[in-house]
Number of protein chains: 2
Amino acid sequence: MKKGEKRKLELLNIAYRMFISKGYENTSVDEIIAGAGIAKGTFYYHFESKKELLEAVIDMMLDREEEEAQKILGAPIPIPQKLVGVLASFRLETDEESIRDALHEPENIIMHEKTGRKIRERIIPLLSEVARQGINEGLFSCDDIPERIKIIVILANELFDRNGFSSTDIRVFIDVTEKTLGAPAGSMGFIEDFIKGDD
Amino acid sequence: MKKGEKRKLELLNIAYRMFISKGYENTSVDEIIAGAGIAKGTFYYHFESKKELLEAVIDMMLDREEEEAQKILGAPIPIPQKLVGVLASFRLETDEESIRDALHEPENIIMHEKTGRKIRERIIPLLSEVARQGINEGLFSCDDIPERIKIIVILANELFDRNGFSSTDIRVFIDVTEKTLGAPAGSMGFIEDFIKGDD
DNA sequence: CAAAACCGACTAACGGTCGGTTATTATGAT
DNA sequence: ATCATAATAACCGACCGTTAGTCGGTTTTG
């Protein structure tokens with residue numbers, strides 16, 4: 001690996017940690033270069049701007065998440081479990097709980113919004129393929145698959161990525177998901193085991 | 001009206017226009033006070049911070065939107081039309097098309113996210129009441145009304161508040177809405193006249 | 001020796017502060 | 001009612017610390 005790439009990766013990881021723990025807005029370039037032990041000029045040799053760094057950090061996060069999703073899709077488990085597994089994995093977004101919380105604080109709106117939007121674009125095609133398999137197996141019954149998956153992904157994201165949802169939210173989500181995909185009522189009740197509400 | 005309140009309102013309106021047209025981040029306090037013809041100190045006499053100003057601007061926008069929603073709810077029209085009318089009105093968010101576009105540009109993520117979240121909280125109770133009436137009239141059939149309304153509001157917001165949705169998105173949304181509320185299939189097809197997709 | 005990587009002093013713009021000034025309103029004696 | 005005076009509300013603008021970003025020069029690498 002070339003030296004430049006190595007440094008870039010180092011900065012990416014340092015920035016990732018700082019962005020997550022204190023927010024993008026509250027992390028200064030000075031702090032990042034202090035953490036890396038380099039000078040201002042060096043930073044701007046590798047990145048055009050702080051915003052470009054943010055985009056790069058987000059892309060890195062998305063790569064990791066998509067990898068995780070691919071793992072689940074390749075596993076020998078039933079179709080519905082695959083679908084929900086990916087939804088739940090992409091709900092987690094990061095490995096640590098404290099990090100997840102940080103991602104929802106006001107100062108992290110930008111990061112959260114950007115990751116959310118981008119990850120949807122990546123994951124919808126993957127889940128659409130899974131849904132197609134489900135239809136072939138007779139588990140689901142619907143057309144307009146990508147649009148329906150889009151709806152399910154949006155709901156999972158908006159309903160569950162913050163804390164503050166109830167068990168009723170989960171039940172209704174399951175019901176709507178089943179009806180959206182044309183799955184038999186109750187067939188996806190197992191989702192409840194993946195997500196835990198506040199009450 | 002007291003002089004202080006008048007000035008505050010003036011600042012609110014100036015800031016509103018600037019935030020919308022160039023984004024919150026790209027609007028400096030210096031520009032706002034130049035627009036109002038006042039000094040820095042005066043601004044900070046009326047507002048504690050730029051963030052507080054943003055919150056005030058957003059609250060002002062929400063008041064206007066909720067007023068609009070109340071108008072629709074008070075009109076002598078069928079229940080489903082009320083429901084959709086409110087969804088569509090809160091989709092518009094502002095009177096001018098150019099302003100709507102601005103609200104979705106990257107620099108306005110913060111404003112958009114904050115307005116979206118707050119307006120949901122305000123509108124869900126209103127629409128839940130409408131849905132209850134619909135059930136009494138035998139048009140809908142479901143329980144967990146607020147949770148189901150929440151889902152519909154989230155979908156309407158996330159699917160349609162940006163450009164870039166298709167007529168298939170609309171058709172699927174109608175289908176999911178009907179099934180979510182337990183309405184007869186096709187009974188809400190009129191929604192298509194409210195929203196126009198890209199294709 | 002050329003290109004890649006690095007340095008750090010510097011700048012411009014920003015949000016916010018502060019001590020002082022002017023306008024407005026309330027008060028009380030005549 | 002009128003007017004002086006006190007009190008408060010509104011306003012001013014120079015100033016500050018922090019920030020993202022620049023640039024000309026230096027060292028390291030291949």
Side-chain angles (χ1 to χ4, degrees), chain A residues 1-60 102 105-111 113-114, chain B residues 1-60 102 105-111 113-114:
Chain A
M1 180 184 285
K2 277 169 70 182
K3 197 188 174 189
E5 287 300 309
K6 204 177 143 193
R7 171 112 305 160
K8 217 166 171 174
L9 218 68
E10 183 196 359
L11 288 169
L12 239 42
N13 280 313
I14 290 171
Y16 167 76
R17 266 179 260 129
M18 288 186 173
F19 287 173
I20 291 289
S21 64
K22 351 186 319 176
Y24 167 71
E25 312 266 345
N26 299 330
T27 304
S28 69
V29 175
D30 281 330
E31 286 174 305
I32 294 167
I33 64 174
I38 62 170
K40 206 64 165 287
T42 307
F43 174 87
Y44 282 95
Y45 173 78
H46 292 286
F47 295 97
E48 269 203 354
S49 67
K50 194 187 168 188
K51 255 185 191 161
E52 195 197 283
L53 172 67
L54 173 62
E55 298 292 336
V57 167
I58 288 173
D59 283 340
M60 188 182 69
E105 302 217 340
E107 60 263 33
N108 274 348
I109 290 177
I110 292 177
M111 237 179 124
E113 169 85 7
K114 287 205 173 192
Chain B
M1 180 186 288
K2 277 168 73 181
K3 200 187 174 190
E5 288 299 310
K6 204 176 144 192
R7 171 112 306 159
K8 217 165 170 175
L9 218 70
E10 184 196 0
L11 287 169
L12 238 43
N13 280 313
I14 290 171
Y16 166 75
R17 263 179 263 131
M18 288 187 173
F19 286 174
I20 290 290
S21 63
K22 351 186 323 175
Y24 168 72
E25 311 265 312
N26 298 330
T27 303
S28 69
V29 175
D30 282 329
E31 286 173 306
I32 293 167
I33 64 174
I38 62 171
K40 205 69 164 285
T42 307
F43 174 87
Y44 282 96
Y45 173 78
H46 291 287
F47 295 97
E48 270 204 353
S49 68
K50 194 187 168 190
K51 255 184 192 164
E52 195 197 283
L53 172 68
L54 172 63
E55 297 293 336
V57 167
I58 288 173
D59 283 340
M60 187 181 70
E105 304 217 342
E107 59 262 33
N108 273 348
I109 290 176
I110 291 177
M111 239 179 122
E113 169 84 7
K114 288 206 172 191

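Below, chain A is the first sequence line, B the second, and so on; all start at residue 1.
Remark: A:K8 does not engage A:E5 in a salt bridge, criterion side-chain N to carboxylate O under 4.0 Å.
Between the CG atom of A:L54 and the P atom of D:dA20 there is a distance of 12 Å, rounded to whole Å. For B:E5 and D:dC11, the CD to P distance is 12 Å, given to the nearest whole Å. One interatomic measurement links the two molecules: OH of B:Y44 to P of D:dC16, which rounds to 17 Å at whole-angstrom precision. What separates CZ of B:F47 from C1' of D:dC11 is a distance of 15 Å, to the nearest Å. Rounded to whole Å, the distance from NZ on B:K8 to P on D:dC11 is 12 Å. Across the protein-nucleic acid pair, B:R7 atom CZ and D:dA9 atom P stand 17 Å apart, rounded to whole Å. D:dA20 atom P lies 9 Å from atom CZ of A:F43, rounded to whole Å. Summarising the geometry, the separation between NZ on B:K40 and P on D:dG13 is reported as 13 Å, rounded to the nearest angstrom.
Geometrically, B:K50 does not engage B:F43 in a cation-pi contact defined by less than 6.0 Å to the ring centre and at most 45° from the axis.
Side chain of A:K114 to main chain of B:I109: no donor-acceptor pair is present (N/O by atom type, distance under 3.5 Å, no hydrogens or angles).
Residue A:K50 places at least one side-chain N or O under 4.0 Å from the OP1 or OP2 atom of D:dA20. Not one side-chain nitrogen or oxygen of B:H46 sits closer than 4.0 Å to the OP1 or OP2 atom of D:dA9.
In this structure the side chain of B:H46 never reaches within 4.5 angstrom of the side chain of B:E10, judged on heavy atoms.
Think of the region where chain B sits on DNA chain C: with heavy atoms and a 4.0 Å cut, that region ends 5' and 3' at C:dC14 to C:dC18.
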